[in-house]
J.: 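Following this message is one structure expressed as structure tokens.
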4 protein chains.
Amino acid sequence: MASPTNRRSSDKRERILSAAVKVFARNGYYNAKVSEVAREAGVADGTIYLYFKNKDDLLIKAFEDRMTWINDRLRSELAKVQGDALDKLHRFLELHILLAIDERELAEFITVELRQSSKFIKEYKNQKFGEFLGLLSEVIKQGQDEGLIRHNIDRHTVSRALFGACDEVLLSLVLRKEVPEGVLDARMAELTGLFIEGLRAHRQL
Amino acid sequence: MASPTNRRSSDKRERILSAAVKVFARNGYYNAKVSEVAREAGVADGTIYLYFKNKDDLLIKAFEDRMTWINDRLRSELAKVQGDALDKLHRFLELHILLAIDERELAEFITVELRQSSKFIKEYKNQKFGEFLGLLSEVIKQGQDEGLIRHNIDRHTVSRALFGACDEVLLSLVLRKEVPEGVLDARMAELTGLFIEGLRAHRQL
Amino acid sequence: MASPTNRRSSDKRERILSAAVKVFARNGYYNAKVSEVAREAGVADGTIYLYFKNKDDLLIKAFEDRMTWINDRLRSELAKVQGDALDKLHRFLELHILLAIDERELAEFITVELRQSSKFIKEYKNQKFGEFLGLLSEVIKQGQDEGLIRHNIDRHTVSRALFGACDEVLLSLVLRKEVPEGVLDARMAELTGLFIEGLRAHRQL
Amino acid sequence: MASPTNRRSSDKRERILSAAVKVFARNGYYNAKVSEVAREAGVADGTIYLYFKNKDDLLIKAFEDRMTWINDRLRSELAKVQGDALDKLHRFLELHILLAIDERELAEFITVELRQSSKFIKEYKNQKFGEFLGLLSEVIKQGQDEGLIRHNIDRHTVSRALFGACDEVLLSLVLRKEVPEGVLDARMAELTGLFIEGLRAHRQL
DNA sequence: GATGAATGAGTTTTCATTCAT
DNA sequence: CATGAATGAAAACTCATTCAT
């Protein structure tokens, strides 16, 4: 947490982050203006610089803050799952979809800015996204330990593949158009099935 | 003649497109300067505007030109495949990997700018990328017709998922770091296996 | 507040308008650089764009602002005239000359940019200049009503003719060279006489 | 006449001048592009620079060429007039109107660019326009010699006034809108009357 | 802390002019 | 002579960032 820590201040900080997510999601980082974020947050342009070093910093902090929230949520939800690793994997994908539906702007923000931020912003190693992939990877590992998931597959690669697949599909389904009731569930169920079948350790193998 | 179309000219146009791919891949569209593209192409800044309407147009034309090349290549290579749909799918993924290796900059350019261009550049419907997905979708369909791929799965969704997964994995493997000999092949083989297993129509199911 | 409107701000706006009149008068609109207007006004280049949409807008606003001032001045001075319409006409021409002498830059600015602005700046109907001609036209009408000015002459045409004649003469006399004491008065008196004689309703006609 | 003097060359030179008049009249000097003049003339951009030093030179040469033509025409037409100076003055104004009607583009070009060219193009003393005014001045002088025009008026000033008045009225009548049949003649007759009355030497004075 | 007017560096784009063919 | 593709200097405009209030 940055300098201001009293109630009112951290409220303002959060309003700015929230506005940043919204504005960056809408226009993309490079098309977004700091003054628009300020307007959306209901603060003066200069105020943003009391809480964040510059525009880049605002992007990174927004990204980290939201990813932390997502990771925490995933962790606690996965802990609640009563069942094996495949059940967890199922729940993981489900939570991912719910995020895209419930927090559309946030999902859009992450999807679009993930590559930009990690690639073009100097000296930024995207640790929070690494954590996210780590959670997924952990589930895969557990599945392998339980003998439910094949061993002849690298779990880090699978994690990335899973994320990439979901990201792309959600991008096209949820983030760009109105999706008819039921279609989303159907598609994501198929996708979940695809991966679970692909990963399953077959007895005869 | 309004726009230059003779031999020397189209050579220059190609040099500019090529430079654009390189510079956009290196810095991203918004960080790239037109003058840097010009320098890379060995032409004056103004020359770019003889061939392209503006910076946006340069991005779109570079994208379309390269996607056309990729689609043509995929189409002709897939036509040569002697075998069933799963063989074609295999080949498709293989070609995708080869592209990332042989034309690293192009792959990076497409990966990073794909979302930007279709999302933030007004009135641009990314038709060429749709074609790419269509090729993949066609292979899936053939597999379903041949009884090799499950029918209870939407082939357009699968196409996107496949693309997203490969894109993300390649991005992390090839595009960002040096990959030790053999690792890439291993990872992509696993990925191919994952999808082929996931898609396969099991007799007993 | 979107555009600055407090005391200090409107002071700055006025400084920019004033600088614009000076610089546009000196170099003409197309040869004038926004940065030169900024320097003359003692502000940064960007500041101009806080008060005006673009260079065209600056020209139009400068024009309108100054024409409003001139029209107000003419109106109030004409109201003070004790006498008939010919006295008013006399005073009108006198005020016109005084303007050219006292506010040389302003006169030069208006003279030179009048045609440009109304002809080449899209969608700009020069209402303020119309008002100016309207004031003159009103005096002619009054003269006709009083029987001092011939009726067989269109008062709008006469207004334009009067303006055109004065404009051209002043341009050559005042705006380009140093005029020896007395010559100006003599010339303008002749001009006034010319028009008053030309307009006078002769008993025998 | 410049370097090229054979038939084909001077034909091309004339085509360029003609195109320049048209394009400058349409868009104004500063908005006109050399390449548009070239297109209009049916020559290559570079060709213009074989006949004229630069864009400024093209403007000046077009101006001088056309003014020479106008002056010659006026001179020869005035020579034909059988009558006194007032008849000549009448004819002068008539010819001026005819020019605006028959050679609308030329009139527009001269009207709009006259001030620009003489004011902002370095080291250019508009000699041809001086000649034009001289012709008018000569008629006034003759009228004064014949006792038809008052002596207590400077003939150079009157010349300018006359030109300015006609220019402004024609600008509003002919050059900007469609004029109903007859209105133009009526207006110009009034204007002619205005000046002739204004200038007339009254016996009783 | 908060404000928002002011700043000015940085970028795209235009277009008169050149010169190799 | 003629061409027109190429040049690159110049200018308008934007917007992240600062700082006096």
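So that the names make sense, note that chain A is the first sequence line, chain B the second, and so on, each numbered from 1.
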J.: Return the nucleotide paired to F:dT21: Watson-Crick means purine N1 to pyrimidine N3 with N6-O4 or O6-N4, wobble means G-U with N1-O2 and O6-N3, both under 3.5 Å.
T.: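 Checking every strand shown, F:dT21 finds its partner in E:dA2, with both distances under 3.5 Å.
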J.: Roughly how far, to the nearest 0.5 Å, is the CD atom of B:Glu108 from the CG atom of B:Leu106?
T.: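 Reported to 0.5 Å precision, the distance equals 10.5 Å.
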J.: Go through the steps to decide whether A:Arg26 and A:Glu40 satisfy the test salt bridge (charged side-chain N to carboxylate O under 4.0 Å, His left out), and finish with yes or no.
T.: CA-CA 12 Å; A:Arg26 194 159 56 217; A:Glu40 185 78 41; 3.3 Å; yes
J.: Return the value, rounded to whole Å, for the distance between atom OH of D:Tyr49 and atom P of E:dA20.
T.: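 To the nearest whole Å, that distance equals 18 Å.
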J.: If you count heavy atoms of other groups shown closer than 6.0 angstrom to NZ of C:Lys22, is the number above 12?
T.: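 Not buried by this count: 12 neighbours or fewer within 6.0 Å.
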J.: Would you say E:dC15 has OP1 or OP2 under 4.0 Å from some side-chain N or O of D:Ser35?
T.: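 False: D:Ser35 side-chain N/O out of range (4.0 Å or more) of E:dC15 OP1/OP2.
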J.: Please report, rounded to the nearest Å, how far the C1' atom of F:dG4 is from the NZ atom of B:Lys12.
T.: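 Checked: the NZ to C1' distance equals 12 Å.
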J.: Closer than 4.0 Å, any side-chain N/O of D:Tyr51 to the OP1 or OP2 of F:dA2?
T.: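 Yes, because at least one side-chain N or O of D:Tyr51 sits under 4.0 Å from OP1 or OP2 of F:dA2.
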J.: Atom CZ of A:Arg15 and atom C1' of E:dT3: how far apart are they, to the nearest Å?
T.: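 These atoms are roughly 14 Å apart.
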J.: Specify the separation, in whole Å, of atom OH of C:Tyr30 and atom P of E:dA16.
T.: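 Those two atoms, OH and P, are 13 Å apart.
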J.: Closest to the C:Ala44 side chain: E:dT7, F:dT17, E:dA2?
T.: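 When the side chain of C:Ala44 is considered, E:dT7 is the closest of E:dT7, F:dT17, E:dA2.
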J.: For a quick check of understanding: with a heavy-atom distance under 4.0 Å over all strands, which category does D:Ala32 fall into, base, sugar-phosphate or nothing?
T.: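 If one applies the 4.0 Å heavy-atom cut-off, D:Ala32 turns out to touch the sugar-phosphate alone, with no base involved.
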J.: Just compare E:dG1, F:dC13, F:dA5 and give me whichever is closest to any side-chain atom of C:Asp45.
T.: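 Of the candidates, F:dC13 comes closest.
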J.: Under a 4.0 Å threshold between the charged nitrogen and the carboxylate oxygen, would A:Glu14 count as salt-bridged to A:Arg66?
T.: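 So A:Arg66 pairs with A:Glu14 through a salt bridge.
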J.: Quick check for you: to the nearest 0.5 Å, what is the distance between B:Leu58 atom CG and B:Tyr51 atom OH?
T.: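 One finds 13.0 Å between CG of B:Leu58 and OH of B:Tyr51.
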J.: In whole angstrom, give the distance that lies between atom CD1 of D:Ile48 and atom C1' of E:dC15.
T.: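 That distance rounds to 13 Å.
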J.: Just compare F:dA5, E:dT7, F:dT3 and give me whichever is closest to any side-chain atom of C:Val43.
T.: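 Of the candidates, E:dT7 comes closest.
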J.: Select from D:Thr47 and C:Val34 the residue whose nearest nucleotide in DNA chain F is closer to the 5' end of that strand.
T.: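 So the residue in question is D:Thr47.
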J.: Measure from the side chain of B:Lys55, starting at C-beta and using heavy atoms only, and say which of F:dT7, E:dT13, F:dC13 lies closest.
T.: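 Nearest to the side-chain atoms of B:Lys55, counting from C-beta on, is E:dT13.
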J.: How long is the line joining CZ of B:Phe52 and P of E:dT13, in whole Å?
T.: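 Taking CZ of B:Phe52 and P of E:dT13, I get 13 Å after rounding.
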J.: Given atom CG of A:Asp57 and atom P of F:dT18, what is their separation to the nearest angstrom?
T.: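 Between P of F:dT18 and CG of A:Asp57: 12 Å.
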J.: CZ of D:Arg13 versus P of F:dC1: gap in Å, rounded?
T.: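 Atom CZ in D:Arg13 sits about 12 Å away from atom P in F:dC1.
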J.: The side chain of C:Lys33 is closest to which nucleotide in this list: F:dA16, F:dT3, F:dA11?
T.: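 Ranking F:dA16, F:dT3, F:dA11 by closest atom to the C:Lys33 side chain puts F:dA11 first.
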